[in-house]
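Here the structure is laid out as structure tokens; the discussion comes afterwards.
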Amino acid sequence: MSDIRVRIAPSPTGPLHIGTARTALFNYLYAKRTGGTFILRLEDTDVARSTTAFEQDILGGLDRLGIVWDEGPDAATEEDHGPYGPYRQLRRSERHAAAAADLLARDLAYRCYCTPDELEADRRAQEAAHEAPRYVGRCANLTAAERAGREASGRTGAIRFRVPAEVIRWDDLVRGPIEIDTANLGGDFVIVRSDGTPLYHFAVVVDDADMAISHIIRGEDHISNTPKHILLFRALGRAVPEFGHLPLILNPDRTKMSKRKSQTAISDYVAQGFVKEGIDNYLALLGWSPGGASGDEVLSLEELGRRFDLAHVQRGGAVFDRERLEWLNGQWIRRLDPDDLIGRLTPFLEIAKEDGRIDRIPSPDELRALLPIVQERLPRLDAIVDLAGFLWTERIALDRETLVPKRWDPATTRDGLGAARGEIANVGAVSFEADELEPPLRALAERRGWKAGDLFMAIRVAVTGRTATPPLFDSLVALGRDRVLARLDAAIAALA
RNA sequence: GCCGCAUUCGUCUAGAGGCCCAGGACACCGCCCUCUCAAGGCGGAGAUCAUCGGUUCGAAUCCGAUAUGCGGUACCA
């Protein structure tokens with residue numbers, strides 16, 4: 001195992017977001033590729049917005065995607081595992097406090113007693129003067145006596161970090177050299193609130209340092225924050241990690257992907273029948289590519305872990321394209337082995353039964369027998385109900401409109417269905433197989449001068465209620481002789 | 001406003017000075033296969049590589065400016 005340590009640090013203030021999953025995946029793949037360690041840390045300091053339900057959604061979601069972490073809270077028990085715990089930011093407050101005290105003691109930080117009103121007034125004045133908003137440094141050089149005075153008057157004071165004047169440079173793993181002048185950081189920034197709780201920028205750095213994170217791979221929205229983090233790592237006397245900033249995932253209008261404009265919760269995609277292989281594959285290709293002018297893009301997690309590299313990470317943002325996701329999803333569903341597929345289909349059938357879309361749930365054997373004709377027709381797992389639901393419900397649509405094929409009229413349809421019923425009835429229950437059914441029905445069409453396709457369509461709709469179904473004769477077999485005959489009778493009656 | 005990042009077919013991307021009047025994939029169109037729908041095969045359309053200027057014998061690739069978009073600018077994460 002290499003010394004490379006990467007992490008994902010989600011904050012449980014919402015369900016697992018597509019962007020978080022993608023960042024987690026890239027970190028995971030990078031760890032796989034380099035033989036490093038992948039850590040998960042919960043950034044739960046925003047107590048007001050964090051919930052355990054979100055926590056479970058995030059942990060469970062990543063786990064279901066197969067993005068497993070070497071250290072962090074266990075997905076099932078939520079117990080920490082790994083030598084650098086605790087892996088919940090809230091439980092690391094002593095470390096944050098100690099780090100802040102250290103900075104204070106070395107005068108790298110100082111207490112600031114400015115009130116919100118004062119700060120607000122500063123900001124307005126700067127705005128009026130067309131200056132960039134920045135902390136004016138009112139409390140930067142208070143004497144001990146002055147400090148004692150403010151404390152005595154009941155003010156607790158936040159802690160601000162002294163920002164030195166210099167240009168911060170780093171060689172971004174995906175973007176190359178970046179430099180930012182600390183003059184643009186807005187002055188000495190707060191690292192600990194007056195209530196004693198640390199701010200994000202401070203807590204991440206302390207935690208990342210403590211957890212010996214070597215490579216920070218995160219979203220592009222953190223580029224501007226990176227100088228603050230580098231300053232803090234240095235002030236704390238810790239090694240500055242490498243940074244790599246990933247492009248953002250975008251809404252169709254090219255703004256940062258948001259719940260408002262796109263479906264962002266991984267759990268929603270899972271509920272719609274997207275499989276983990278499809279999601280992982282798609283997410284990996286959002287911003288990264290295997291390189292080369294052509295080549296297979298259907299890649300398993302294992303393969304991705306073997307091939308992933310930061311050099312091929314795209315710099316521009318990527319619009320989320322659901323159609324491509326669906327295509328990849330279909331590719332993966334086709335590749336699943338039968339028993340696996342059956343297991344994954346079952347929850348969707350259970351839901352359909354609860355909804356009343358089907359009356360019963362097929363047995364595993366029944367499903368297995370069906371797979372040869374349905375597996376390649378499923379863009380998503382939930383599509384099984386639309387595709388084959390006619391097998392498990394007796395309530396099928398019987399409206400005259402769809403019952404009558406395009407080139408036929410109602411009378412011909414009745415006639416055709418009646419004749420077909422006769423042929424089908426002739427096929428005994430024991431030999432009720434596709435090979436036995438097709439020849440007589442084709443012969444019938446030929447005798448009567450009908451296009452076989454028209455006859456078949458009439459039967460299809462009569463028996464399934466739909467115009468798009470798995471192959472007809474296999475469908476008839478799956479339905480069984482008695483139900484086929486009964487449905488044909490019902491359709492004939494409906495056309496009367 | 002200031003700072004930063006980005007910009008190749010509708011979308012995801014290949015491309016690291018000549019192999020590119022730009023390749024692949026999704027979507028789209030057509031054909032083949034075919035009982036429908038898919039899947040699969042074949043083919044097509046689709047990008048003056050944001051714009052302008054420079055460097056060079058030669059630029060999508062290097063440099064600069066401009067434009068546009070996005071991100072950041074909190075005692076939010």
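Proteins come first, then strands; the chains are lettered A, B, ... in the order of their sequence lines, and each starts at number 1. On a predicted model such as this, the values are computed, not experimentally measured, just so you know.
Around the CZ atom of A:R447, the shell of radius 6.0 Å holds more than 12 heavy atoms that belong to other residues, nucleotides or ligands.
Annotation: B:C57 and B:G44 have their P atoms spaced 38 Å apart (nearest Å). Of the C1' atoms belonging to B:C29 and B:G71, the separation is 39 Å, rounded to the nearest Å. Separating the C1' atom of B:C26 from that of B:G46 is a span of 13 Å, rounded to the nearest Å. Taking atom C1' on both nucleotides, B:U68 is separated from B:A27 by 26 Å, rounded to a whole Å. Taking the C1' atoms as reference points, B:A67 lies 7 Å from B:U51, given to the whole Å. The separation of B:G24 from B:A14, taken at their C1' atoms, amounts to 7 Å, rounded to a whole angstrom. Only the P atoms considered, B:U61 is 15 Å distant from B:U48, to the nearest whole Å. With P as the reference atom, B:U55 and B:G64 are 15 Å apart, rounded to whole Å.
Judged by Watson-Crick or G-U wobble contacts below 3.5 Å, the nucleotide B:G46 has no partner. Within the shown strands, B:A67 is the pairing partner of B:U7 under the Watson-Crick or G-U definition, both distances less than 3.5 Å. In this structure, B:U56 makes no Watson-Crick or G-U wobble pair, since no nucleotide meets both defining distances under 3.5 angstrom. Searching all strands for a Watson-Crick or G-U wobble partner of B:A16 with both distances below 3.5 Å returns nothing. B:A27: no Watson-Crick or G-U partner with both key distances under 3.5 Å is found in any strand. Across all strands shown, B:A39 remains unpaired; no Watson-Crick or G-U wobble contact has both distances below 3.5 Å.
Residue contacts shown for A:R175 are limited to sugar-phosphate atoms, with no base heavy atom under 4.0 Å away.
Evaluation of the side-chain hydrogen bond (donor to acceptor under 3.5 Å, both in side chains) rule for A:R400 yields no partner, not counting sequence neighbours. In this structure A:D309 satisfies the salt bridge (charged side-chain N to carboxylate O under 4.0 Å, His left out) test with no other residue, sequence neighbours excluded. Taking the salt bridge (charged side-chain N to carboxylate O under 4.0 Å, His left out) definition, one finds that A:E166 meets it with A:R234, sequence neighbours left out. Every ring pair (Phe, Tyr, Trp, His ring centres under 6.0 Å) that A:H201 has, sequence neighbours left out, goes to A:H229. Shown here are the side-chain hydrogen bond (donor to acceptor under 3.5 Å, both in side chains) partners of A:D181, two or more places apart in sequence or in another chain: there are none. The salt bridge (charged side-chain N to carboxylate O under 4.0 Å, His left out) test applied to A:D382 returns A:R380, not counting sequence neighbours. Residues forming a salt bridge (charged side-chain N to carboxylate O under 4.0 Å, His left out) with A:R91 (at least two apart in sequence, or on another chain): none. Scored by the side-chain hydrogen bond (donor to acceptor under 3.5 Å, both in side chains) test, A:D207 finds A:Q89, A:R92, A:H96 as partners (sequence neighbours excluded).
Screening residues 117-140 of chain A for ring pair (Phe, Tyr, Trp, His ring centres under 6.0 Å), with sequence neighbours left out, gives no hits.
Salt bridge annotation for A:E120-A:R124: present, with a cationic side-chain nitrogen under 4.0 angstrom from a carboxylate oxygen.
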Could you write out each protein N or O paired with an N or O of nucleotides 62-65 of chain B at a distance under 3.5 Å?
none

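The phosphate of B:A14 (OP1 or OP2) has a side-chain N or O of A:Q314 nearer than 4.0 angstrom.
Each of A:D181 and A:V174 has a nearest nucleotide on RNA chain B; the 5'-most of these lies closest to A:D181. Positionally, the nearest nucleotide of RNA chain B for A:S289 lies more toward the 5' end than for the other of A:S289 and A:R324.
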Revision key, fill the gap. 5' to 3', nucleotides 70-77 of chain B under a 4.0 Å protein heavy-atom cut-off (B base, S sugar-phosphate only, - none) gives SBS--BSB
Practice item. Using a 4.0 Å heavy-atom cut-off, write out nucleotides 35-48 of chain B from 5' to 3' as B (base contacted by protein), S (sugar-phosphate only) or - (no contact). Key: BBBBSS--------
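Using a 4.5 Å heavy-atom cutoff, the side chains of A:L250 and A:F320 are not in contact.
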